[in-house]
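Take a look at the structure below.
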Amino acid sequence: MKNILQTCLFFGALVLVWAALTGDLAFLGLEDALWSPYVLPSPTMVAQYLWDNTLNGKIPLSMLITLRRLLIGYAIGLVIGVPLGMLAARFRAVRNTLGVLGLGFQGLPSVCWVPLACIWFGQTEAALLFVVIMGTLWSVLLSTENGIRNVPPIYARAASTMGSSPLHTLVFVTLPASAPFVVSGMKQGWAFAWRSLMAAEIYVSVVSGFGIGQYLHYGRELQRMHQVVGIMFIIIIVGLLADKILFSPAEAWLHRRWGTGKND
């Protein structure tokens, strides 16, 4: 409860400072805005935009379109990345090739994939999914590899003495033991996937549906800064909810399960 109160007070103070700088506190005598609304809109303007476009269904519909793209691309990245990470941890040749490639690609900004995606797939859903997959795949591969390699060797030796084959040991002993590290990598992969999709939606206009990133782009083009800031808030909130509701509880449970948890 104390942590929640501290967080609420901190963000409340930020909103008050923002309102004071944009002339949104007229009732306190702070009517003069330091910046024009075309540079920094007031909290009231942003809230009004979010309220109106939530009621008319534009924001919920665009969120559904964006989340569908995100979940599909992220799932494909996991399906490819986890097995490749297992192979990289098991075989030195894979680690020296795909592992090094993944390390290089992980440091590549996601927006760099957008021109290639547009040339290869055109202005289609496939281009968006490709960028999301590239943003997810390498992070998951590297985290899976590192997680498996950090498992104490005694686990594999104990399984081997009980008759477990190398493949059985990898799948049913080593991989579960590395689960806390793998989930941390999945969390990081989700963050990369979310950023990748936003970058892709800004530059790739798909007639099958406008996502949140495309509304951010149109807000910039039309100089509607209240729309830009409002969409930025939505992007931040989705990222926070994914972390607090999905990944952090799973990560904490796995660390407790394997005795590696830390007290706050």
Side-chain angles (χ1 to χ4, degrees), residues 1-67 70 74 109-111 132 135 139 184 186-203 210-252 262-264:
M1 189 64 183
K2 181 180 178 181
N3 293 337
I4 296 176
L5 180 61
Q6 288 176 342
T7 301
C8 291
L9 288 175
F10 173 73
F11 285 104
L14 287 181
V15 173
L16 284 176
V17 172
W18 176 18
L21 293 175
T22 54
D24 223 8
L25 295 178
F27 64 94
L28 295 178
L30 301 174
E31 300 180 3
D32 297 331
L34 295 181
W35 286 296
S36 165
Y38 295 104
V39 177
L40 180 65
S42 67
T44 302
M45 295 177 63
V46 175
Q48 189 65 48
Y49 167 78
L50 293 175
W51 177 257
D52 292 341
N53 286 272
T54 299
L55 290 182
N56 63 27
K58 288 184 179 180
I59 287 179
L61 179 60
S62 63
M63 278 302 306
L64 288 175
I65 293 172
T66 294
L67 289 177
L70 177 66
Y74 179 68
S110 302
V111 71
V132 177
S139 175
S184 296
M186 292 170 62
K187 175 181 174 180
Q188 186 180 26
W190 174 273
F192 278 114
W194 186 229
R195 296 172 189 174
S196 301
L197 181 56
M198 290 302 99
E201 285 188 344
I202 287 174
Y203 293 103
F210 288 163
I212 286 294
Q214 287 155 328
Y215 278 108
L216 182 67
H217 170 66
Y218 294 142
R220 179 185 66 85
E221 290 290 317
L222 299 173
Q223 296 185 352
R224 293 166 54 89
M225 289 301 105
H226 58 285
Q227 178 174 328
V228 171
V229 176
I231 297 301
M232 288 172 62
F233 269 114
I234 294 175
I235 294 171
I236 293 171
I237 290 172
V238 171
L240 288 175
L241 289 177
D243 177 70
K244 299 300 182 182
I245 295 176
L246 296 177
F247 293 105
S248 289
E251 196 175 9
K262 296 180 180 179
N263 296 323
D264 292 333

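Residue numbers run from 1 in the order of the sequence given.
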Of all pairs that satisfy salt bridge (charged side-chain N to carboxylate O under 4.0 Å, His left out), the ones with a partner from [range], not counting sequence neighbours:
range	value
residues 5-21	none
residues 227-248	K187-D243
residues 212-240	none

Would you compute the distance between atom [atom1] of [X] and atom [atom2] of [Y] and round it to the nearest 0.5 angstrom?
X	Y	atom1	atom2	result
T54	Y49	OG1	OH	8.5 Å
L222	H217	CG	NE2	9.0 Å
I234	L216	CD1	CG	10.0 Å

Could I get the full list of side chain to side chain contact (heavy atoms under 4.5 Å, CB included) partners for T66, not counting sequence neighbours?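 Residues passing side chain to side chain contact (heavy atoms under 4.5 Å, CB included) with T66: W194, L197, M198, E201, I212.
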
Who are the side chain to side chain contact (heavy atoms under 4.5 Å, CB included) partners of S42, not counting sequence neighbours?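 Applying side chain to side chain contact (heavy atoms under 4.5 Å, CB included) to S42 gives T22, D24, T44, M45.
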
Does a sphere of radius 6.0 Å around CE in M63 hold more than 12 heavy atoms from other residues, nucleotides or ligands, not counting ones at 6.0 Å or beyond? yes

Got a sec: does the OH of Y218 have more than 12 other heavy atoms crowding it under 6.0 Å? yes

Please tabulate, for the side chains in residues 10-20, all donor-acceptor contacts under 3.5 angstrom to protein atoms that are two or more places apart in sequence or on a different chain.
unit_1 : atom_1 : unit_2 : atom_2 : d
W18    : NE1    : P41    : O      : 2.8

So, for [X] and [Y], which heavy atoms are closest and what is the spacing to 0.1 Å?
X	Y	value
G135	S196	CA-OG, 3.4 Å
Y74	A193	CD1-CB, 4.2 Å
Y215	Q227	O-NE2, 2.7 Å

With a 4.5 Å limit on heavy-atom distance, are the side chains of Q6 and L9 in contact? no

Side-chain contact test, heavy atoms from C-beta onward, threshold under 4.5 Å: evaluate it for W190 versus L70 and give yes or no.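 Heavy-atom side-chain distance check passes, below 4.5 Å.
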
